[in-house]
Trainee: 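The structure under discussion is supplied below as C-alpha cells; questions concerning it will follow.
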Amino acid sequence: MLLKELLRDLEIEGLKGSDELSIEATTYDSRKVVNNSLFICIEGFKTDGHLYIKDAIKNGAVAVIVQKDIDIEGVTVVKVKNTRKAMAIIANDFYHRPSGTLALIGVTGTNGKTSTTYMIKKILEASGRKPGLIGTISNWIGDEKIDADRTTPESLDLQKLFRKMLENEIDSCVMEVSSHSLELQRVEKCNFQVGVFTNLTPDHLDFHPTIIDYRNAKKKLFHKTELYNIINVDDEHGRIIIDEINSLKTPILTFGVNNKADISAKNIVMTMKTVSFDMITPKYKGKIELNIPGLFTVYNALAAIAVTYAMGIEFKYIKEGLECMKGIAGRLEAVEEFKDFAVIIDYAHTPDALENVLKSVRGFVENKLITVFGCGGDRDRSKRAVMGEIAGKYSDLTIITSDNPRSEEPMQILTMIEDGISRTAGKYHVIKDRKEAISFALKSAQKGDIILIAGKGHETYQVINNNVFEFDDKKVALEVAREEGLL
Ligand SMILES: CC(=O)N[C@H]1[C@@H](OP(=O)(O)OP(=O)(O)OC[C@H]2O[C@@H](n3ccc(=O)[nH]c3=O)[C@H](O)[C@@H]2O)O[C@H](CO)[C@@H](O)[C@@H]1O[C@H](C)C(=O)N[C@@H](C)C(=O)N[C@H](CCC(=O)O)C(=O)O
Ligand SMILES: Nc1ncnc2c1ncn2[C@@H]1O[C@H](COP(=O)(O)OP(=O)(O)OP(=O)(O)O)[C@@H](O)[C@H]1O
C-alpha cells in the first residue's frame with residue numbers, strides 16, 4: 001500500500017519526505033519493524049516510542065508517524081496530533097476496513113465480559129454462524145485458538161485479527177472491550193453492530209482518575225454501535241448510561257432481574273453446579289438450564305440472550321447454545337478430582353466479583369468456606385483492603401497470599417489486604433508463597449468444606465519481582481493433594 005493512501009484520513013500537521021513510498025508492514029514496536037515498515041511512535045506509560053526511531057530505521061522503517069517535533073533524516077516523517085488515534089485509522093485502512101464486513105459485538109463492563117462473550121459465541125455457533133472471539137483468555141478464529149496478550153488488542157493487532165477472521169470465512173466477532181482500549185483508542189475505527197454493558201464497580205482506579213471517568217470510558221462503546229445498545233438495568237451505572245445515551249439513534253435494549261427490563265429472568269433456581277430460569281423477551285419465553293453456577297451467570301446469560309435476540313436469532317438456538325456449555329475455564333470451575341470437599345478455581349479479582357462468587361458458593365457450604373486469594377501488584381491499590389474485608393465477611397477461613405505481585409514487595413500487598421480483613425471477625429492466615437497457601441487450605445479442609453482459590457482463574461503464571469513463573473492454581477492444587485495423599 002502507498003504511504004499516501006494510509007495518510008488519506010489523517011489530520012496531518014507536518015510531512016517531511018515522500019508519501020509515495022510502498023508500505024509493506026505497520027507497527028508500533030521498533031523491535032518488530034521489518035523492511036519497508038511504517039513505524040508509529042506511541043508515547044507510553046513506561047517509555048516513549050519516539051526514542052526508538054533510530055532502531056526502527058536500522059530494522060527497515062521507511063516512514064514514521066510522530067506527535068512530537070523530531071529532527072531525523074533518512075525516513076519520511078509525518079506529524080499528527082495524536083499517534084494512537086492515527087494508528088487506529090491507519091490500522092483500519094491497512095487491513096482494508098475489516099470490521100465493517102463482520103457483525104461485530106462489543107462487550108464492556110467490570111465483570112462478566114469473558115463469560116458473556118463465550119455464551120454469545122456458543123449461541124451464534126448453534127444458529128449456524130461462524131463467529132470469532134477476542135478476549136482475555138484467548139482469541140478464537142472459529143476453532144483455531146490464538147494466544148491473547150491482553151483483553152483488547154492494540155488497534156493494529158486488532159484490525160489484523162479481523163482481517164484474518166474474514167480470510168477464514170468468519171462472519172461475526174464477539175469481543176471484550178476494556179476501558180483501557182476505549183481510552184487508548186484501540187477500537188477507534190471499529191464498526192460495532194451491538195454494544196453490551198454488563199456492570200460497573202470500582203476497578204482500574206490506578207488508570208482512570210475516578211469511577212465517573214471509568215464509566216465515561218466504558219460509555220464510549222455505545223457511541224460506536226449501529227444496531228443496539230444492550231444495558232444491565234439492575235446496575236446503577238447502567239441506569240445512568242441509559243439516561244446519558246438515550247438521545248442516540250441506536251436503540252437500547254435492557255436486561256435485568258430486579259427492574260423492569262426488555263429481557264428478564266424469573267423463577268431462578270441455583271444449585272452448586274447449575275442455574276436455571278425462565279427467560280422472558282418481548283417475542284418469546286422459555287426455560288434455560290445452564291451448567292454454570294452463580295446468580296451472576298443469569299446476568300451474563302441475559303446479556304447473551306439480549307444480543308442474539310437483537311440479531312434475530314431464534315429461541316431454539318439460544319437455548320441450545322447456552323445449554324451445551326460445560327463451563328468457562330477458571331470461572332467457578334470445580335476441580336472434579338476432589339470428592340470429600342470441593343475445590344473451586346475462580347478469576348474473581350475485583351471486590352464485586354469476589355463478593356458475588358463468595359455469596360454464590362456460601363449457600364452450598366455444608367461445613368466451612370475456605371478462601372485463598374491475593375491482589376495484583378502495580379495495579380489499583382484501593383481494592384486490597386476492600387477485598388480483605390469481603391473475604392473475611394463471607395469466609396470461615398481466609399488464606400491471604402500472592403497474586404502477581406509484579407514489581408511490588410509481596411508482603412506489602414498482603415499487609416494492605418490484612419488491614420481490611422482484620423476489621424472483620426473472619427479468621428485468616430498470611431502465607432506469601434501461593435503454593436504453600438493452597439497446601440495449607442487443602443490440609444485444613446474437612447468433609448463438606450468448599451475451598452475457593454480466587455484471582456488467577458485460567459492464568460498459568462505468576463509475576464514475582466517482574467519475573468514470570470509458571471503457576472496454575474488447578475495443577476498446583478492437584479499436585480499438592482497428591483503429595484499429601486488427599487485424593
Ligand atoms: C496501561 C496500558 O494499557 N499500557 C499499554 C501501553 O504500554 P506502555 O504505555 O507502558 O508502553 P511503553 O512500554 O511505555 O512503550 C511505549 C511505546 O514504545 C514502544 N517501544 C518500546 C521499547 C522499544 O524498544 N521499542 C519500542 O518501539 C512500545 O512498543 C510502545 O508502543 O502501550 C503498549 C503498546 O501500545 C501496550 O502494550 C500496553 O498495554 C500493557 C501490556 C497492559 O498491560 N495493558 C493493560 C493495563 C490493559 O490494557 N488491560 C486491559 C484489560 C483490563 C481489564 O479489564 O482487566 C486490556 O485491554 O488488556
Ligand atoms: N456478571 C457478573 N457480575 C459480577 N461478577 C461476575 C460476573 N460474571 C463473572 N463474575 C465474576 O468475575 C470473574 C471474572 O469474570 P469474567 O472473566 O467473565 O469477567 P471479565 O469482565 O472478563 O474480567 P476481566 O476484565 O478481568 O478479564 C468471574 O470469575 C466471576 O468471579
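All values derive from a computational prediction rather than experimental measurement. In each ligand, atom 1 is the first atom listed, and ligand 1 is the first ligand listed.
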Trainee: Are a donor atom and an acceptor atom from the side chains of Thr151 and Ser178 found within less than 3.5 Å of each other?
Mentor: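 On atom types as modelled, these side chains do not qualify, holding no pair under 3.5 Å.
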Trainee: Salt bridge between Lys474 and Glu337, side-chain N to carboxylate O under 4.0 Å?
Mentor: no
Trainee: What atoms of ligand 2 come closer than 4.0 angstrom to any heavy atom of Thr136?
Mentor: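 Listed by number with element: 27 (O).
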Trainee: Under a 3.5 Å threshold, yes or no: a donor from one side chain and an acceptor from the other, between His204 and Arg379?
Mentor: no
Trainee: Check each atom of ligand 2 against the heavy atoms of Ser115 and keep those under 4.0 Å away; list them by number with element.
Mentor: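 That gives atoms 16 (P), 18 (O) of ligand 2.
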Trainee: With backbone taken as N, CA, C and O and side chain as the heavy atoms from C-beta onward, which portion of Asn111 lies under 4.0 Å from ligand 2: side chain, backbone, both, or neither?
Mentor: both
Trainee: Should Asp203 and Lys383 count as an ion pair when the cut-off is N to O under 4.0 Å?
Mentor: yes
Trainee: Any salt bridge between Lys121 and Glu125, counting N to O under 4.0 Å?
Mentor: yes
Trainee: Tell me the nearest of Glu333, His204, Lys113, His180 to atom 24 (P) of ligand 2, using heavy-atom distances.
Mentor: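 Nearest heavy atom to atom 24 (P) of ligand 2 lies in Lys113.
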Trainee: Run the numbers for me: atoms of ligand 2, each under 4.0 Å from some heavy atom of Val357, listed by number.
Mentor: 30 (C), 31 (O)
Trainee: Under 4.0 Å from any heavy atom of Gly49, which atoms of ligand 1 are there?
Mentor: 17 (C), 18 (O)
Trainee: Does the protein put any heavy atom within less than 4.0 Å of atom 36 (C) of ligand 1?
Mentor: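 Under 4.0 Å from atom 36 (C) of ligand 1, at least one protein heavy atom found.
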Trainee: Using a 4.0 Å heavy-atom threshold (strictly under), name the region of Glu43 that reaches ligand 1: side chain, backbone, both or neither.
Mentor: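 Contact part for Glu43 vs ligand 1: neither.
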Trainee: Near Phe39, which atoms of ligand 1 are under 4.0 Å from a heavy atom of that residue?
Mentor: 27 (O)
Trainee: Check whether any heavy atom of Thr110 sits under 4.0 Å from an atom of ligand 2.
Mentor: yes
Trainee: Closer than 4.0 angstrom, basic N to acidic O: yes or no for Asp48 and Lys68?
Mentor: yes
Trainee: Out of all atoms in ligand 2, which are within 4.0 Å of some heavy atom of Asn199? Include the element for each.
Mentor: 1 (N), 2 (C), 3 (N)
Trainee: Quick one: pull up CD in Glu176 and OH in Tyr118 and give me the separation to the nearest 0.5 Å.
Mentor: 8.0 Å
Trainee: Could you check whether Thr83 and Glu43, counting side-chain N and O atoms only, form a donor-acceptor pair closer than 3.5 Å?
Mentor: no
Trainee: In the protein, which heavy atom is nearest to atom 4 (N) of ligand 1, and how far is it?
Mentor: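 Looking only at protein heavy atoms, the one closest to atom 4 (N) of ligand 1 is Phe45 CD1, 3.9 Å.
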Trainee: If you measure from each heavy atom of Thr198 to ligand 2, is any distance below 4.0 Å?
Mentor: no
Trainee: For atom 31 (O) of ligand 1, what is the nearest protein heavy atom, given as residue, atom name and distance?
Mentor: Tyr28 O, 3.0 Å
Trainee: Could you name the option among Glu183, Arg31, Arg150 that has the heavy atom nearest to atom 39 (O) of ligand 1?
Mentor: Arg150
Trainee: Measure the distance from atom 57 (O) of ligand 1 to every protein heavy atom, then report the residue, atom name and distance (to 0.1 Å) of the closest one.
Mentor: Ser178 OG, 2.6 Å
Trainee: May I ask you to identify the nearest protein heavy atom to atom 11 (C) of ligand 2, giving residue, atom name and distance to one decimal place in Å?
Mentor: Ala353 CB, 3.6 Å
Trainee: Run down the list Arg379, His180, Arg84, Lys46 and name the one with the heavy atom closest to atom 6 (C) of ligand 1.
Mentor: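 Considering heavy atoms of Arg379, His180, Arg84, Lys46, the nearest to atom 6 (C) of ligand 1 sits in Arg84.
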Trainee: Please report which non-hydrogen protein atom sits nearest to atom 15 (O) of ligand 1, along with the residue it belongs to and the distance in Å to one decimal place.
Mentor: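 I find the closest protein heavy atom is Thr47 CG2, 3.4 Å.
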Trainee: For the side chain to side chain contact (heavy atoms under 4.5 Å, CB included) test, which of Leu38, Ile89, Ile65 pairs with Leu6?
Mentor: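 For Leu6, the side chain to side chain contact (heavy atoms under 4.5 Å, CB included) test succeeds with only one of Leu38, Ile89, Ile65, which is Leu38.
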Trainee: For ligand 1, which atoms, with element, lie under 4.0 Å from some heavy atom of Ser30?
Mentor: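 Contacts of ligand 1 toward Ser30, numbered from 1: 23 (C), 24 (O), 25 (N), 26 (C), 27 (O).
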Trainee: Tell me, which protein residue and heavy-atom name are nearest atom 51 (C) of ligand 1, and how many Å apart are they?
Mentor: Thr151 OG1, 3.4 Å
Trainee: Considering Arg186, His204, Glu176 one by one, which has a heavy atom nearer to atom 54 (O) of ligand 1 than any of the others?
Mentor: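 Nearest heavy atom to atom 54 (O) of ligand 1 lies in His204.
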Trainee: Counting from 1, what ligand 2 atoms have a heavy atom of Asp352 closer than 4.0 Å?
Mentor: 4 (C)
Trainee: Assess whether a salt bridge exists between Arg434 and Glu459, defined as any Lys/Arg side-chain N lying under 4.0 Å from an Asp/Glu carboxylate O.
Mentor: no
Trainee: Can you sort out which atoms of ligand 2 are near Asn300, meaning under 4.0 Å from one of its heavy atoms?
Mentor: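 Result: 1 (N), 2 (C), 7 (C), 8 (N), 9 (C).
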Trainee: Under 4.0 Å between a Lys/Arg side-chain N and an Asp/Glu carboxylate O for Arg381 and Asp206?
Mentor: no
